[in-house]
Amino acid sequence: AQSVTQLGSHVSVSEGALVLLRCNYSSSVPPYLFWYVQYPNQGLQLLLKYTSAATLVKGINGFEAEFKKSETSFHLTKPSAHMSDAAEYFCAVRISGPGNQFYFGTGTSLTVIP
Amino acid sequence: GAVVSQHPSRVICKSGTSVKIECRSLDFQATTMFWYRQFPKQSLMLMATSNEGSKATYEQGVEKDKFLINHASLTLSTLTVTSAHPEDSSFYICSARDREGGTQYFGPGTRLTVL
C-alpha cells in the first residue's frame, strides 16, 4: 500500500530563513515522488518530482528535495524563504501501473513572517 | 507546459439541482483523467479514474450514481454532481495524464457551493 505522511500541518518561518517541509512515504514498489504548491482557491502547481534519476531534485522557485530511500523521506527545502512562498504544500507519491494514481499527504501550510 | 482547464471555476447552485464540471486537456491527448475533491484545509482525495471510451473507476465510498463521470473524448472529461446537497460543497480538481509521456497535469479546480 502507498501512503504519504507530512509532519507538521503548519510551519512558520521568518523571511530569509530556511524552509524545511517534511514528507515520508511508504510504498511497496519504487515510487515517483512529487511536491505541489497550492495558493488559495487555486489548483496545484508542480514544484518538483523525483523519478528515480538524481536523488537531489531541483524545482521551481528555488525549492529542492532529496530522496532518501533509507529514511523513506522526500523533504522539501529552500535556503531562504520569501513572502510569496506562503501557501499550502502537498507531498504526493505515484506508482506506475494501470491506475497510475496519486496519493497525497495532508498538506503543510507555510507562513512566512516578515 | 501542458495545460488543463476546468469550467466553471466557481459555481453556486441550489440544493437538489445538478451541476456539470468540465475538464479539458488543451494541448495534449489524455486517455486517463482523474477527479479529486478537496475539503477546506484538507488534502486531495481521489474520487474516480476516468478512461476515454469506458466507464469510470470509482474509489471506495464514492457514489457513482451521484457523481457521474463521462470521458467522451481524448481531451474532455465531465463530472456531474447530481441532486447536489450542501455537503457536496467542495473544491473539485481534475488531472489529465498525457497520452504520450505519461505525465499528469492538474487543472485549476472548481469551487462548488450548494445552498
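Naming convention: chains lettered A, B, ... in sequence-line order (proteins, then strands); numbering from 1 in each chain.
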Quiz item: Counting a contact as any heavy-atom pair under 4.5 Å apart, which residues of residues 80-95 of chain B contact chain A?
Solution: B:Phe91, B:Ile93
Quiz item: Can we say B:Arg24 and B:Glu22 salt-bridge, meaning some charged N sits less than 4.0 Å from an Asp/Glu carboxylate O?
Solution: yes
Quiz item: CZ/A:Arg94 to OH/A:Tyr25 distance, rounded to the nearest 0.5 angstrom?
Solution: 15.0 Å
Quiz prompt | Distance (rounded to the nearest 0.5 Å) between B:Thr110 OG1 and B:Lys20 NZ | solution = 13.5 Å
Quiz item: If contact means a heavy atom pair closer than 4.5 Å, which residues of residues 6-14 of chain B contact chain A?
Solution: B:Arg10
Quiz prompt | Between B:Thr49 and B:Thr57, a side-chain donor and acceptor under 3.5 Å | solution = no
Exercise. With rounding to the nearest 0.5 Å, note down the distance linking CD in A:Glu64 to NZ in A:Lys58.
Key: 4.0 Å
Quiz item: Hey, any chance B:Trp35 and B:Leu46 share a hydrophobic cluster, counting ILVMFWY side chains that come within less than 4.5 Å of each other, even indirectly?
Solution: no
Quiz prompt | side chain to side chain donor-acceptor pair (under 3.5 Å) between A:Asn24 and A:Thr5, intermediate numbers included | solution = CA-CA 5 Å; A:Asn24 288 87; A:Thr5 301; over 6 Å; no
Quiz item: Are any side-chain N or O atoms of A:Gln6 and backbone N or O atoms of A:Cys91, one a donor and one an acceptor, separated by less than 3.5 Å?
Solution: yes
Quiz item: What's the spacing between B:Glu52 CD and B:Arg99 CZ if we round to 0.5 Å?
Solution: 8.0 Å
Quiz item: Heavy-atom distance under 4.5 Å to chain B: side chain of A:Tyr36, backbone, both or neither?
Solution: side chain
Quiz item: Can you pull the disulfide (SG to SG under 2.5 Å) pairs that have at least one residue in residues 24-80 of chain A, sequence neighbours excluded?
Solution: none
Quiz item: Between A:Phe102 and B:Phe106, how do the two ring planes meet: parallel, tilted or perpendicular, split at 30° and 60°?
Solution: perpendicular
Practice problem: Using non-hydrogen atoms and a 4.5 Å limit, figure out which bit of A:Glu88 sits close to chain B: side chain, backbone, both or neither. | Solution: neither
Quiz item: Heavy atoms under 4.5 Å from chain A: which residues of residues 63-77 of chain B carry them?
Solution: none
Quiz item: According to a 4.5 Å side-chain heavy-atom criterion applied to Ile, Leu, Val, Met, Phe, Trp and Tyr, with indirect links allowed, do A:Leu46 and A:Leu44 form part of one hydrophobic cluster?
Solution: yes
Quiz item: Looking at CG of A:Leu110 and OG of A:Ser12, how far apart are the two atoms once the value is rounded to the nearest 0.5 Å?
Solution: 7.5 Å
Quiz item: Centres of the A:Tyr89 and A:Phe63 rings: under 6.0 Å?
Solution: yes
Quiz prompt | Any donor-acceptor N/O pair, A:Thr108 side chain to A:Gly8 backbone, under 3.5 Å | solution = yes
Quiz item: Between A:Gly107, A:Gly105, A:Ser109, which residue shows the highest count of heavy-atom pairs closer than 4.5 Å to chain B?
Solution: A:Gly105
Quiz prompt | Toward chain B, the part of A:Phe104 with a non-hydrogen atom under 4.5 Å | solution = both
